[in-house]
Amino acid sequence: MRRIYLHIASIALCLFTVFSCSVKKNTKLSRSYQAMTTRYNVYFNGIENYKEQLKNMESNYEDNFTRLVHMHPVSAYGNPKETKPNGSFDRTIEKCQKAIKLHSIQKKPKRNQNKMHDPKYREYVKRGEFNPFIHNAWLLMGKAQFYKGDFLAASATFIYITRHFTWKPDLIAESRIWLARCYLEMGWMYEAEDVLQKINNDGLPSKLNNWFSTVNADFLIRNGEYKQAIPYLQTAIKAESKKAQKIRMNFLLAQLYALTNDNQAAYQTFSKVIKMSPPYRTELNARIKQTEVFPGGDIEKIVKTLNKMAKSPKNKDYLDQIYYALGNLYLSRQDTTNAIKNYILAAQKSTREGIEKAISQLTLGNIYFNQRKYTKAQPCYAEAIPLIDETYPDYAQLVKRSEVLDELAIHAQNVELQDSLQQLAALPEPERMKIIQQKIDDLIAAEKRAEEEAKKEAYLAEQQGNIPQFGNQGGAQQPTIPNMNLGNGSNAWYFYNPALVSAGKTEFQRKWGRRKLEDDWRRRDKASFSMDDLTGNDETADLENEEGETEITDDTAASDTTQLNEASNDPHKPEFYIQQLPLTPEDIATSNEIIADGLFNMGIILKNQLGDFDASLDAFNRLDNQFPQNDFRLEAYYNTYLIYMQLGDIAMADSYKNRIIKDFPESKYAIALADPNYLDNLRKMDSMQDSIYNKTYQAYLENRNGDVHELYQYMKKTYPLSKLMPKFMLVDALAYVNEKKIDEFKNGLKELLEKYPTEDVSPLATDMLKGIAQGKSVVSGTGKSNIWEVRLGNNMANDSTGMATDSIAPFTMDKESPHLLVLVYPTDSVSSNQLLFDVAKYNFSNFLIKDFDLEIISFNEISMLVVKGFNNFDELTLYRRMIGSEKGLKFPDTVRPVMISESNFKLLLEGRSFDEYFHFLEQNQ
């Protein structure tokens with residue numbers, strides 16, 4: 001019986017204790033009980049999981065040594081392209097949330113009126129939390145959220161701590177440092193700087209100095225202030241107790257020394273990393289990085305070490321990095337020959353096709369580029385760029401250089417190829433045939449090696465039970481015959497790739513010589529531009545040129561090609577190579593044209609796109625010396641003049657200026673350079689040409705033709721190099737139509753085509769002259785009085801002649817195709833922005849689901865607001881009724897709504913007029 005009473009008493013005592021220590025009570029006993037339960041129950045489980053997961057994250061994460069390593073693996077969460085670290089902190093977060101939910105004491109304690117005069121006591125009773133240990137759960141939860149990569153949630157937790165635990169200044173300071181680190185990971189640099197500055201200004205407990213140094217170093221590194229970051233990082237390293245983090249931070253410190261050009265300190269710090277017995281991958285990368293900052297004189301010892309590493313089977317997947325390191329060592333000694341050999345080996349031995357290969361290729365490409373070996377530099381950049389991303393240092397500059405090299409390498413390769421072909425052709429025949437035979441022997445040997453390698457790979461694959469399916473039954477991959485590298489492997493359409501276009505142009509030029517863009521281009525007419533097809537003169541010159549040569553027809557060309565293929569299309573025979581050699585005077589002349597073309601284009605690209613003035617001058621000088629009567633002299637002289645002006649060499653600039661004025665007195669460059677105010681005019685040209693053109697065109701529209709001619713002559717004299725000059729010439733010619741001076745109109749168009757054969761207005765001028773040659777009449781009048789007669793295509797010209805629309809397709813009636821509502825109005829009569837706002841407001845208010853696109857299009861005197869998004873004519877009709885109803889939208893009187901299909905609207909933009917469209921509708925209703 002007594003035992004029963006004891007059990008009852010024990011249970012009662014426990015119940016009393018539990019209810020006395022409830023979170024709904026705020027007594028000394030309840031606070032002590034809840035603090036103890038929080039600490040040794042829920043919090044304990046959470047902190048143990050936190051330590052385990054953090055160690056796993058720090059020890060097992062594989063850093064990216066090709067860039068600055070992260071201060072901590074958690075930073076990988078900030079870049080979606082990086083591999084995420086291991087570690088699950090959900091259990092820790094769950095335990096912290098449980099601790100807060102079950103053990104937080106927020107009930108106010110019973111006030112002791114005798115203590116209310118004490119400020120500390122008054123502050124105490126105002127608190128929002130009375131569990132003396134619960135703040136640890138809040139802090140741990142914020143840390144776990146941070147290492148989980150949920151930086152936004154972590155920052156909210158730390159902000160909560162700073163606002164609700166104001167009586168703990170050390171906790172607030174620590175939380176602010178964590179908050180700054182959250183901002184850094186989210187890329188909020190301004191907010192992070194503001195928090196760190198406030199911490200610095202408010203003072204910091206000494207026990208937090210090391211943690212502050214870690215976060216401040218991270219901030220400075222992300223901000224590019226590497227030198228300022230080094231002292232803070234050194235302090236952080238001294239305080240770091242975990243080996244994995246200490247190794248990582250020392251590696252980062254060595255990288256910072258390298259970036260600040262302290263190679264000696266960088267080399268020693270990488271040595272320190274190696275001595276810390278890091279993981280093998282870290283050790284290997286530290287040794288490789290040492291080669292980039294090697295400060296010593298004798299490289300033999302380290303070269304032997306690396307060569308020994310290259311022979312080790314465990315380094316099979318790291319051979320690219322080892323050979324890259326060897327290349328760095330030779331490059332540090334200015335031994336570019338051996339450096340290049342090892343960088344090439346690095347690319348060949350790469351098995352991962354990753355960033356490591358990209359780095360070695362970019363380094364090799366830089367060497368070739370600095371040596372002006374553009375044909376060798378181009379494939380290096382083209383192969384490396386797809387392997388790096390936007391975070392790579394100088395990414396935008398590398399991409400631009402690669403794109404420029406795609407074009408530059410074609411011209412450089414043309415020059416190199418023609419030089420070598422001419423040298424080979426100039427040799428005595430026995431010596432020439434010996435070289436050709438050697439090339440054939442090399443090709444056969446390469447094919448044999450490729451076949452043996454293919455058989456070896458097939459055997460290995462068979463042994464592993466993974467036999468690949470070869471496209472050819474023999475299984476051997478035949479080596480390709482060397483040919484031009486046509487760019488970076490882009491699948492873009494041919495005519496969008498300037499490198500491919502340039503290569504095609506050169507091949508065409510090699511075979512046919514230079515030809516104008518025209519029908520029957522196989523005629524041997526070497527003129528760059530012909531007016532024959534613009535004068536209606538159909539003479540037998542199309543069939544026979546001045547030398548009596550017969551036109552090369554498609555049939556004869558096909559026959560020649562067939563015979564050529566049969567005789568010399570086999571790279572194993574000498575004929576294949578002989579037929580490429582310039583052996584006749586005609587072939588030599590064509591070869592020289594290709595060289596001249598290549599040198600000129602190289603000079604232009606080097607000057608305008610790469611800013612390499614010295615290399616550009618070399619190209620222009622060789623062009624001038626080797627081909628003194630080349631077709632590019634004027635442009636080459638002028639660009640050389642600009643280069644010397646840029647370099648400040650006034651004497652050389654004046655010499656080329658004088659050559660231009662003497663040799664090409666009628667050219668636009670000579671006229672411009674002869675003006676003593678040339679440089680001042682050149683500076684003003686960009687700001688003045690648009691204004692003058694607008695005045696000229698307005699004068700044309702208003703039929704003030706004398707003003708048009710006067711303004712054109714002013715531009716011709718003052719700004720002859722203006723990019724708008726072709727448009728001035730076209731407007732000037734059209735003004736003669738209004739004056740019924742058709743001969744002057746034709747002469748103006750011919751002059752335009754002779755001086756600017758490839759400008760955007762040139763096809764229009766060509767069409768006009770062809771129309772005249774075919775007997776079409778020219779209609780005068782600018783069309784100003786009736787905007788519906790204005791032809792939108794080619795803007796200002798088609799409204800004056802009816803000759804350029806013959807090739808435009810007719811309108812069609814298709815009510816099931818997508819349609820547009822086009823609000824048409826004279827440009828000066830309506831505020832385009834106000835009209836756009838009104839329509840957008842109406843659409844937003846009345847169509848909550850349907851989304852319409854709006855676009856303003858202007859053609860000088862006529863403008864349009866285009867409403868897009870109608871799948872067919874019926875949808876457009878419904879919209880038109882709604883917008884035209886009483887509750888719809890009232891347009892200004894000058895606005896005319898036009899319903900039209902997308903295909904018919906495209907025809908309008910190509911040169912049709914609204915008047916023609918209205919006529920089409922009348923006929924088809």
Side-chain angles (χ1 to χ4, degrees), residues 307 310-313 315-324 326-327 340-354 356-358 360-361 364 368 375-376 378-380 382-384 386-387 409 413 416-417 420-421 424 431-491 500 503 507 561-562 564-581:
N307 281 322
K311 297 176 182 178
S312 173
N315 290 324
K316 180 181 179 181
D317 291 334
Y318 301 109
L319 287 177
D320 54 345
Q321 292 178 263
I322 294 173
Y323 285 115
Y324 167 71
L326 285 166
I340 289 172
K341 288 180 181 178
N342 282 280
Y343 289 136
I344 292 174
L345 279 173
Q348 293 175 347
K349 300 296 182 180
S350 178
T351 59
R352 291 166 290 176
E353 295 294 322
E356 292 85 0
K357 182 176 182 179
S360 64
Q361 286 290 75
L364 178 60
Y368 285 140
T375 57
K376 293 184 176 181
Q378 184 273 335
C380 296
E383 189 171 2
L387 302 178
Q413 192 172 39
E416 293 175 9
L417 176 62
S420 62
L421 291 177
L424 186 59
E431 190 173 347
R432 181 197 311 153
M433 295 305 298
K434 182 178 179 181
I435 294 174
I436 291 175
Q437 188 58 50
Q438 182 62 52
K439 194 170 187 67
I440 294 173
D441 294 341
D442 292 342
L443 175 62
I444 294 173
E447 289 176 341
K448 186 175 181 180
R449 286 195 301 269
E451 185 176 0
E452 291 174 352
E453 185 67 25
K455 289 180 179 178
K456 180 180 178 182
E457 291 179 1
Y459 174 77
L460 293 175
E462 183 179 2
Q463 293 300 311
Q464 297 172 3
N466 182 22
I467 304 176
Q469 298 298 318
F470 293 101
N472 59 340
Q473 298 300 318
Q477 182 179 356
Q478 298 296 329
T480 57
I481 301 167
N483 55 11
M484 286 190 213
N485 189 320
L486 299 182
N488 58 6
S490 170
N491 290 325
L500 290 174
E507 178 59 21
T561 303
T562 302
L564 178 64
N565 289 341
E566 292 174 352
S568 56
N569 202 34
D570 185 354
H572 301 88
K573 295 181 179 180
E575 290 79 5
F576 175 81
Y577 304 94
I578 294 174
Q579 60 94 20
Q580 299 181 48
L581 298 178

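Worth saying up front: this structure is predicted, and the values here are computed from it rather than measured.
- Between atom CG of residue Leu326 and atom CG of residue Asn307 there is a gap of 5.0 Å, rounded to the nearest 0.5 Å.
- To the nearest 0.5 Å, atom CD of residue Gln438 and atom CD1 of residue Ile440 are 10.0 Å apart.
- Under the 4.5 Å side-chain criterion, counting only non-hydrogen atoms from C-beta, Pro574 is in contact with Met433.
- In terms of heavy-atom proximity, Ala409 sits nearest to Thr375 at O-CG2, 3.5 Å.
- In terms of heavy-atom proximity, Ala347 sits nearest to Lys357 at O-CE, 3.8 Å.
- Expressed to the nearest 0.5 Å, how far CD1 of Ile435 lies from OH of Tyr577 amounts to 13.0 Å.
- One distance of note links NZ of Lys349 with CD1 of Ile344; it measures 13.0 Å at 0.5 Å rounding.
- The two residues Leu421 and Gln580 make their nearest non-hydrogen contact at CD1-O, 3.6 Å.
- In this structure, Tyr343 and Tyr324 have side chains that are in contact, with non-hydrogen atoms separated by less than 4.5 Å.
- A donor-acceptor pair under 3.5 Å is formed between the side chain of Gln579 and the backbone N or O of Phe576.
- Here the straight-line distance linking atom CD of Glu575 with atom CD1 of Ile436 works out to 9.5 Å at 0.5 Å rounding.
- Using a 4.5 Å heavy-atom cutoff, the side chains of Ser360 and Asp320 are not in contact.
- To the nearest 0.5 Å, the span separating CD on Gln348 from CG on Asn342 amounts to 11.0 Å.
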